[in-house]
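This structure is a prediction, so every number in the text was calculated from the model and none was measured.
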Amino acid sequence: MRIYWVVFATILFLVSFTSVSALSVAVHVPEKYADVLAGERFYFEVDVKYPENQDRKDLRLEYEILNEEGDLVAQSKVLKAIETQASFIDFIVIPENADSGLYLIKVIIRDYDLLSEEVEASFHVIGGDEKIRLYFLILLGVIIFVGALVVVNIVLSRRRQ
């Protein structure tokens, strides 16, 4: 009778054995791109560690940019072949009409089976209106500087006469 219980427990153990994935994903925003202007490329780094995968495997990566309210602003999908680990830099273009504020980059990794992993990182967008204001202030500063040089030149040329 005991042998039947041992066989039954062994079969139950083997049937109920579930596959566990050791996939590890991280997204990192380089300091240079923590603040990005609307309308420009936003670069980020993705690290994938998949130690149980010994062969090259295609993984689908989905990039989503979300604003503070959680609304989708931009998205991109790519296909990457990964072995045990990979690290790469990718980009997505921030729309020109994006408002200033805190945004999230969400990276979703899927295969063609049940594997699914999702990570996020935050960054700031400087809106298009602020970019125009910044250019205006720079231009105004240059005009004032050139005007001051002209006035100094006129004053110095009159003293020489």
Side-chain angles (χ1 to χ4, degrees), residues 8-147:
F8 177 74
T10 305
I11 292 173
L12 183 64
F13 175 74
L14 292 176
V15 170
S16 66
F17 189 144
T18 57
S19 173
V20 176
S21 173
L23 176 69
S24 171
V25 182
V27 61
H28 173 70
V29 177
E31 187 177 331
K32 182 178 179 181
Y33 296 102
D35 296 315
V36 64
L37 294 173
E40 293 190 356
R41 289 181 176 184
F42 166 65
Y43 289 91
F44 53 93
E45 182 180 6
V46 179
D47 292 322
V48 179
K49 293 180 179 151
Y50 198 9
E52 68 186 25
N53 183 38
Q54 299 301 317
D55 298 325
R56 189 174 291 258
K57 184 172 188 175
D58 288 338
L59 295 177
R60 297 180 294 166
L61 284 84
E62 299 175 19
Y63 307 135
E64 296 179 348
I65 302 293
L66 306 169
N67 62 13
E68 289 178 297
E69 292 80 31
D71 299 327
L72 184 66
V73 175
Q75 69 179 13
S76 176
K77 296 179 181 182
V78 295
L79 184 67
K80 299 274 187 188
I82 308 283
E83 286 186 28
T84 55
Q85 65 181 5
S87 181
F88 50 90
I89 293 179
D90 216 338
F91 73 91
I92 190 168
V93 177
I94 305 297
E96 289 186 19
N97 61 351
D99 296 328
S100 298
L102 183 68
Y103 284 74
L104 287 177
I105 173 75
K106 183 187 290 188
V107 178
I108 304 165
I109 295 186
R110 294 188 174 111
D111 68 353
Y112 293 99
D113 292 326
L114 299 174
L115 180 72
S116 181
E117 189 73 23
E118 179 176 311
V119 291
E120 297 177 346
S122 62
F123 64 98
H124 288 91
V125 170
I126 301 170
D129 57 340
E130 290 182 21
K131 183 169 54 172
I132 293 172
R133 189 177 315 138
L134 179 65
Y135 290 144
F136 175 74
L137 291 175
I138 291 171
L139 182 62
L140 183 64
V142 169
I143 289 172
I144 290 172
F145 179 71
V146 169

**OP:** List the atom of S87, the atom of E45, and the distance in Å for their closest heavy-atom pair.
**Re:** OG-OE2, 3.2 Å
Subject >> Separation of I105 CD1 from H28 NE2 (nearest 0.5 Å) >> reply: 13.5 Å
**OP:** Using ring-ring contact (aromatic ring centres under 6.0 Å, His included) as the criterion, list what pairs up with F91, not counting sequence neighbours.
**Re:** Y43
Original post:
Under the ring-ring contact (aromatic ring centres under 6.0 Å, His included) test, which residues partner F123, sequence neighbours left out?
Top reply: F42
**OP:** Using the test side-chain contact (heavy atoms from CB on, under 4.5 Å), find all partners of S24 that sit at least two apart in sequence or belong to another chain.
**Re:** K49
**OP:** Could you check if a side-chain atom of F44 sits within less than 4.5 angstrom of a side-chain atom of D90, using non-hydrogen atoms only?
**Re:** yes
**OP:** State the CG-OG distance between L104 and S122, to the nearest 0.5 angstrom.
**Re:** 6.5 Å
Subject >> Approximate separation, where rounding is to 0.5 Å, of L102 CG and H124 NE2 >> reply: 4.5 Å
Original post:
When you look at E64 and I108, which way does the side-chain contact (heavy atoms from CB on, under 4.5 Å) test go after all the steps?
Top reply: CA-CA 8 Å; E64 296 179 348; I108 304 165; 4.1 Å; yes
Original post:
Taking the side chain as C-beta and beyond, is there a heavy-atom pair between V125 and I65 under 4.5 Å?
Top reply: no
Subject >> Side chain to side chain, D111 and R60, heavy atoms closer than 4.5 Å >> reply: no
Subject >> Minimum heavy-atom distance V25-V119, with the two atoms named >> reply: O-CG1, 3.2 Å
Original post:
Among all residues two or more places apart in sequence or in another chain, which pass the side-chain contact (heavy atoms from CB on, under 4.5 Å) test with L140?
Top reply: F136, I144
Original post:
Out of curiosity, D35 CG to I126 CD1, how far, rounded to the nearest 0.5 Å?
Top reply: 5.0 Å
Subject >> Gap separating the CD atom of E40 from the CD atom of E96, nearest 0.5 angstrom >> reply: 9.5 Å
**OP:** Report yes if some heavy atom in the side chain of Y50 is under 4.5 Å from a heavy atom in the side chain of K57; otherwise report no.
**Re:** yes
**OP:** Under the salt bridge (charged side-chain N to carboxylate O under 4.0 Å, His left out) rule, collect the residues that match up with E68, sequence neighbours excluded.
**Re:** none
Output side-chain donor-acceptor pairs under 3.5 Å for residues 69-85, partner residues at least two apart or in another chain, one line each.
from, atom 1, to, atom 2, distance (Å)
E69, OE1, N67, ND2, 3.3
E83, OE2, R56, NH2, 3.2

